[in-house]
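This structure is a prediction, so every number in the text was calculated from the model and none was measured.
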Amino acid sequence: MRSAIILTMCASAFFGATAVQAQIELSRAAYVERMSDNGKIRSIEPATSLSRGDTVVLVVDWRSDGARKSFVVSSPIPKHLKFKSSSHDGQIVSIDNGRSWGRIGTLRVNDRFGSRRASVEDVTHLRWTIPSHQSANGSGKITYSAIVR
């Protein structure tokens, strides 16, 4: 039951990713990383069930009209997932539900222990800028991974 709830939350938040221009089409998919019994072979399969500690790979395929315009894609991280990494070096993150943005390592969190540097576990949203030279190609892919809490 819990994995069904997590998958539903993952899908609703992930599928809420948006682009700021109408000429951009997004398609998305969620996969889970599995290891063989001997731990030597890694495979990625569609995420039909999730367990605590699973690595989820989220893929955003984008398609543009080929115009040389940059655009932005944003995506919330579901609360039951902990951001791990992204394939796109230029991403910025939010640790406050999209109110402010920056790079990990430059953002600070104030919690019950005081002020500390934000970690990937604090990330609530991701944002990628697709530069005009990539947009002109007409399509691309962004992937990021997260761990089920």
Worked check of side chain to side chain contact (heavy atoms under 4.5 Å, CB included) between Leu81 and Ile147: CA-CA 5 Å; Leu81 296 179; Ile147 305 293; over 6 Å; no
Where at least one partner belongs to residues 90-99, residue pairs that pass salt bridge (charged side-chain N to carboxylate O under 4.0 Å, His left out), sequence neighbours excluded: none
Thr55 versus Ser145, side-chain donor and acceptor atoms under 3.5 Å: no
Spacing of Gln134 atom CD and Ser70 atom OG [to the nearest 0.5 Å]: 10.5 Å
Ser86 (side chain) donor-acceptor with His88 (main chain) under 3.5 angstrom: yes
Closest non-hydrogen atom pair, Ala47 against Leu50: CB-CD2, 4.3 Å
Flag, side chain of Arg63 to backbone of Leu26, donor-acceptor distance under 3.5 Å: no
Where Val109 and Ala118 come nearest, the two heavy atoms and their spacing: CG2-CB, 3.7 Å
Common cluster, Ile92/Val60, ILVMFWY with side-chain heavy-atom separation under 4.5 Å: no
Value rounded to 0.5 Å, distance of OH in Tyr144 from CH2 in Trp128: 5.0 Å
Note, Arg149 side chain near Lys79 side chain (heavy atom, < 4.5 Å): no
Side chains of Val57 and Val32 in contact at under 4.5 Å (non-hydrogen atoms): no
Check: Arg28 and Val59 side chains under 4.5 Å, non-hydrogen atoms: no
Side-chain donor/acceptor of Asn38 to backbone N/O of Lys40, under 3.5 Å: yes
Ser27 side chain to Trp62 side chain, donor-acceptor N/O pair below 3.5 angstrom: no
Arg34 and Ser43 side chains, donor-acceptor separation under 3.5 Å: no
Side chains of Val120 and Lys84 in contact at under 4.5 Å (non-hydrogen atoms): no
Carboxylate-amine/guanidinium contact Asp122 Arg116, below 4.0 Å: yes
Main-chain N/O of Thr143 paired with Ser87 side-chain donor or acceptor, under 3.5 Å: yes
Parallel, tilted or perpendicular: ring planes of Trp101 versus His125, cut at 30 and 60 degrees: perpendicular
Backbone N/O of Gln91 and side chain of Arg103: donor-acceptor pair under 3.5 Å: yes
Euclidean distance, Glu25 CD relative to Asp61 CG, rounded to 0.5 Å: 11.5 Å
Distance (rounded to the nearest 0.5 Å) between Ser94 OG and Leu107 CG: 7.5 Å
Separation between OG1 of Thr124 and CZ of Phe83, rounded to the nearest 0.5 Å: 11.5 Å
Rounded distance [0.5 Å steps], OG in Ser135 versus CD1 in Ile130: 8.5 Å
Audit row: Arg127, Val72, side chain to side chain contact (heavy atoms under 4.5 Å, CB included) steps and yes/no: CA-CA 7 Å; Arg127 182 177 284 172; Val72 174; 3.3 Å; yes
